[in-house]
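Index from 1, following the sequence.
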Amino acid sequence: MNLRLIGFFILGGFLLTSCQSVHSYDDMLHAWLGQSEAQLVATWGAPVDMQTIAPGRQLFTYIKEKQVYVPGEAPNYTALGEDSEYDTYGDSLGETFDYYCKTTFTTQDDIIVDYSWNGDGCLVK
């Protein structure tokens, strides 16, 4: 089996896993409802953005970016006949795929009351 085909199977598995994990990511975020801002920052680290949208109400935004590299395949040579002519196949460059996840928690009086997320890289670790 050529390396490019293997790479696409790996990528396909990653995408399938990400589709199956979306529900789990939502469940994980839902579990944060009622938790404190301090617990959020202690677990998730400092947010990339924090905004006060009303007295006592804030947005904490986290962004994750990931790149997955699928290697290419070196060319293979097949003899076509006695005259030493060769046919190449499998000559391909590698490809890089970018994944992104933006997660925002809304707090009211230091307690998480809502969340939202978008992106194709939102997975439970």
At what distance, to the nearest 0.5 angstrom, does [atom1] of [X] lie from [atom2] of [Y]?
X    : Y    : atom1 : atom2 : result
T107 : M50  : OG1   : CE    : 8.5 Å
N118 : T103 : CG    : OG1   : 8.0 Å
T61  : K102 : OG1   : NZ    : 5.5 Å
Q67  : D98  : CD    : CG    : 4.5 Å
E37  : Q108 : CD    : CD    : 10.0 Å
Y100 : C122 : OH    : SG    : 9.0 Å

Centroid separation Y25 to W117 less than 6.0 Å: yes
Ring-ring centroid check W44 F105, cutoff 6.0 Å: yes
Is the backbone N or O of [Y] less than 3.5 Å from a side-chain atom of [X], with the two atoms forming a donor-acceptor pair by type?
X    : Y    : answer
Y62  : G45  : yes
D120 : C101 : no
S36  : Q39  : yes

Is there a path of hydrophobic side-chain contacts, each under 4.5 Å between heavy atoms of I/L/V/M/F/W/Y residues, joining [Y] to [X]?
X   : Y    : result
L59 : V113 : no
L33 : V124 : yes
V48 : Y115 : no

If we only count heavy atoms from C-beta on, is the [X] to [Y] side-chain gap below 4.5 Å?
X   : Y    : value
K66 : F97  : no
R57 : D109 : no
Q35 : I111 : no

Heavy-atom closest contact (K64 atom, L123 atom, distance): NZ-O, 3.6 Å
Closest non-hydrogen atom pair between I112 and W32, with its separation: CB-O, 3.5 Å
